[in-house]
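For reference, the structure is listed below as structure tokens.
Letters A, B, ... mirror the listed sequences (proteins, then strands); counts begin at 1.
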Amino acid sequence: MERELREKKVEKLRELGINPYPHKFETTHEIHKIREKYERDPEGEEVVLRAKVKRISNYEGKKLLRLTDESGLEILALTEEQDLKPGQEYTFKGRLIRHEGKLTLADAVLTEEPPDATIAEIKKAYDFDPKGERVSIAGRLVAWRPMGKAAFGHLQDLLGKIQIYLRKDLLGEERFKFVKEFVDLGDVVGVKGKLFRTQTGELTVEVEEIELLSKCLHPLPEKWHGIRDVEVRYRQRYLDLIANPEARKIFLMRSRLLAEIRRFMVDEGFLEVETPVLQPVASGANARPFVTHHNYLDMDLYLRIAPELYLKRLIVGGYPKVFEIGKNFRNEGVDTTHNPEFTMMEFYAAYWDYRDLMKFTERLFQHLVDTVLEGKGEVEFEGHRVNLRPPFRVVRYFDLLEEKTGKGKEFFLRAPLEELVKLATELGVKKPEALTRAKLIDKIFEKVAEPELVQPAFVIDFPKILSPLAKEHREDPDLVERFELVVGRMEVANAYTELNDPKEQYRRFLEQLEEKRAGDEEAMEMDLDFIRALEYGMPPTGGEGIGIDRLAMLFAGVNSIREVILFPAMRPESGE
RNA sequence: GAGCCGGUAGCUCAGUCGGUAGAGCAACGGCCUUUUAAGCCGUGGGUCCCGGGUUCGACUCCCGGCCGGCUCACCA
């Protein structure tokens with residue numbers, strides 16, 4: 001087995017007095033920094049180019065071509081043209097971009113137009129001569145092409161990949177042999193040498209010194225297909241990150257998303273705070289909690305289902321604008337849009353109402369589009385082009401319900417329960433007779449309205465019975481001043497003008513207890529200390545929660561929450 | 001929790017009608033000093049997810065289980 005062979009190499013290195021896991025390697029550059037220094041982004045410049053096709057391979061449903069000129073210089077091309085043959089010359093028209101660091105003619109099509117560029121000219125304009133600069137870099141060896149007395153490979157770090165070139169005469173007999181004998185694909189290595197460009201024009205380190213930094217005892221996943229098995233990708237995310245550039249990209253984007261949200265909030269004068277994850281009362285949302293136990297205090301605690309009630313205590317305490325980004329835990333099903341622990345941002349602003357929150361949310365989205373998506377406001381989500389650029393559609397909850405069912409607010413709030421059950425049954429809601437009125441309305445809404453909400457939409461003015469923490473609507477006592485932002489059929493944000501009347505809040509909690517008795521396991525719990533806090537006076541306040549995982553799904557254009565959570569919840573592996 | 005689909009070499013995948021398993025990459029040996037899905041010659045590698053059953057014989061058919069994916073239910 002490969003593993004034993006590699007373990008033997010480690011032992012042998014130790015016998016030779018070489019540490020296979022050294023403590024330190026001094027680097028001068030991250031790999032992408034070198035590329036940035038000697039490569040310019042062609043930004044999609046259109047060119048017409050005549051060149052010979054050297055090789056054709058398949059890439060994500062398209063053809064990836066290596067194009068070459070007489071001198072051997074190369075660039076890549078991505079095309080959907082079918083009848084190309086290696087060795088033939090063609091004239092292509094396309095947009096110049098960088099694809100994994102290499103100059104690439106994207107969307108290349110065959111054309112009759114006269115060429116307006118040569119590979120040499122393009123290279124000269126965008127790929128610069130590094131003039132033998134000395135660098136010291138480290139990374140994982142992800143490709144290895146030994147050729148007798150020389151060898152090529154690629155070193156990869158988080159953001160970049162660079163070719164290395166080893167020559168026996170330059171490296172010396174002994175060290176060349178060492179590499180051949182002890183360095184394997186997958187190892188982490190450090191190299192020192194001079195930068196140059198090969199005949200094809202690829203930026204390359206001509207290696208003068210090479211050091212093994214960490215041995216990889218397992219063979220790497222296959223270089224062309226990466227790792228496809230989703231189970232392995234989630235359980236061994238490190239392999240996914242090593243082998244699949246797409247996965248690296250998604251989590252870099254998520255990290256950027258979080259950073260930009262924080263930046264925006266702080267720039268808007270919000271204070272980042274942390275409230276308890278372990279809570280004696282699980283409230284602030286409709287969900288079943290995880291229970292844990294504190295040994296010293298000898299008491300059960302809940303993992304929070306929401307930070308809401310604590311954040312509002314801070315508004316009472318005099319912090320006018322607070323936000324918290326953190327994990328919530330809900331003891332419920334696992335599927336493509338639900339993970340038992342998930343990341344939320346909640347924020348509260350004194351003297352705001354839900355209208356202010358809507359405007360603010362639009363500005364936040366605009367900021368995220370400008371930064372994370374670099375101005376590209378459209379994303380592909382579940383086969384739809386979703387435009388994340390504000391302003392967003394605004395639609396009233398009961399207007400949407402009426403449009404879809406023909407029944408108005410009066411029906412839903414005051415018709416005999418049997419009639420709602422009947423409607424719910426017609427719409428295919430399961431076990432409607434077991435549901436309370438509030439749950440029935442909620443289900444019917446989800447059934448008829450949410451499937452329509454692909455483009456971003458604020459659904460506003462929810463029924464009061466669905467919103468125990470929201471303030472009564474100033475124009476209609478049946479409603480509350482609340483909105484949900486729905487995008488791609490997912491609830492992405494939920495916000496309201498906060499209820500700050502302690503007596504009213506107490507009554508609403510009692511109603512929740514009533515709901516709980518009626519069989520709704522997710523109804524909220526009474527939090528008496530929160531009531532006491534409100535009794536000291538909470539200013540009029542707007543509060544909002546944004547689901548970060550779902551936002552990341554949208555921005556990444558993936559339809560599974562597990563694609564945007566590094567280590568999603570999984571059952572343990574059997575047999576381990 | 002229910003239904004459907006899947007689990008074969010380190011990875012990506014074939015495997016016909018039930019006759020004890022193949023390819024590419026990776027690995028190993030050899031050749032090769034500008035290659036890049038390098039190339040050429042050769043070699044090794046399997047708990048066919050696990051446990052039963054049917055059968056002369058099971059990767060294949062049947063039953064049970066484990067893990068995963070999708071759909072539904074629940075939820076954000």
Sugar-phosphate only, base, or nothing, as touched by [X] at under 4.0 Å among non-hydrogen atoms:
X	result
A:Phe176	nothing
A:Arg3	nothing
A:Lys447	sugar-phosphate
A:Arg228	sugar-phosphate
A:Gly226	sugar-phosphate
A:Asp442	nothing
A:Arg571	sugar-phosphate
A:Lys180	nothing
A:Glu491	sugar-phosphate
A:Leu64	nothing
A:Leu239	nothing
A:Asn494	nothing
A:Tyr165	base
A:Arg562	sugar-phosphate

Checklist entry - Are any non-hydrogen side-chain atoms of A:Gln236 and A:His218 less than 4.5 angstrom apart? => result no

Checklist entry - Are any of the side-chain heavy atoms of A:Leu84 and A:Lys63 separated by less than 4.5 Å? => result no

Rounding to an integer number of angstrom, what distance separates [N] and [M] when you compare their [atom1] atoms?
N	M	atom1	result
B:rU54	B:rG46	C1'	25 Å
B:rC70	B:rG39	C1'	43 Å
B:rA73	B:rC17	C1'	41 Å
B:rC56	B:rC72	P	46 Å
B:rC28	B:rG10	C1'	14 Å
B:rU34	B:rG30	C1'	23 Å
B:rA9	B:rC48	P	10 Å
B:rC66	B:rG24	C1'	31 Å

Check every atom of [options] against the side chain of [X] and return the nucleotide holding the closest atom.
X	options	result
A:Phe152	B:rC74, B:rU35, B:rG68	B:rU35
A:Gln163	B:rA26, B:rU35, B:rG68	B:rU35
A:Arg550	B:rC11, B:rC74, B:rA76	B:rA76
A:Val230	B:rC28, B:rC67, B:rG69	B:rG69
A:Met570	B:rG68, B:rU71, B:rA76	B:rG68
A:Glu2	B:rG44, B:rC70, B:rA76	B:rG44
A:Glu522	B:rU35, B:rC74, B:rA37	B:rC74
A:Glu222	B:rC25, B:rG69, B:rA26	B:rC25
A:Ser57	B:rA37, B:rG24, B:rU35	B:rA37
A:Leu185	B:rA73, B:rU34, B:rA27	B:rA27

Output the rounded distance in Å from [atom1] ([X]) to [atom2] ([N]).
X	N	atom1	atom2	value
A:His218	B:rA9	NE2	C1'	16 Å
A:Gln236	B:rG68	CD	P	14 Å
A:Glu382	B:rU71	CD	P	8 Å
A:Leu170	B:rU34	CG	P	14 Å
A:Phe196	B:rU35	CZ	P	11 Å
A:Glu74	B:rA37	CD	C1'	13 Å
A:Trp224	B:rC13	CH2	P	15 Å
A:Arg233	B:rG6	CZ	C1'	16 Å

Reported [atom1]-to-[atom2] distance for the pair [X] and [Y], which is rounded to 0.5 angstrom:
X	Y	atom1	atom2	value
A:Leu420	A:Thr425	CG	OG1	10.0 Å
A:Leu203	A:Lys161	CG	NZ	14.0 Å
A:Leu485	A:Ile546	CG	CD1	8.0 Å
A:Arg489	A:Phe381	CZ	CZ	8.5 Å

Checklist entry - So which pairs with a foot in residues 556-565 of chain A pass side chain to side chain donor-acceptor pair (under 3.5 Å), sequence neighbours left out? => result A:Arg233-A:Glu563, A:Tyr234-A:Glu563

Considering every strand shown, what is the Watson-Crick or G-U wobble mate of [N] when both distances are under 3.5 Å?
N	value
B:rC32	none
B:rG64	B:rC50
B:rU12	B:rA23
B:rC59	none

Next on the checklist: So that I know where these two stand, are A:Phe392 and A:Phe365 an aromatic pair - ring centroids less than 6.0 Å apart?
Outcome noted: yes

Next on the checklist: Would you say A:Arg228 and A:Asn244 are linked by a side-chain donor-acceptor pair, where the criterion is simply a distance under 3.5 Å?
Outcome noted: no

Checklist entry - Is there a side-chain polar atom (N or O) of A:Lys9 under 4.0 Å from OP1 or OP2 of B:rC28? => result yes

Checklist entry - Side-chain donor or acceptor of A:Asp335 under 3.5 Å from a matching atom on the base of B:rC72? => result no

Checklist entry - What about A:Gln199: does its side chain form a donor-acceptor pair under 3.5 Å with the base of B:rU35? => result no

Checklist entry - Under a 90° cut-off about 0 for the syn range, is B:rU20 syn or anti? => result syn

Checklist entry - Using 4.0 Å as the upper bound for N to carboxylate O, is an ion pair formed by A:Asp240 and A:Arg237? => result yes

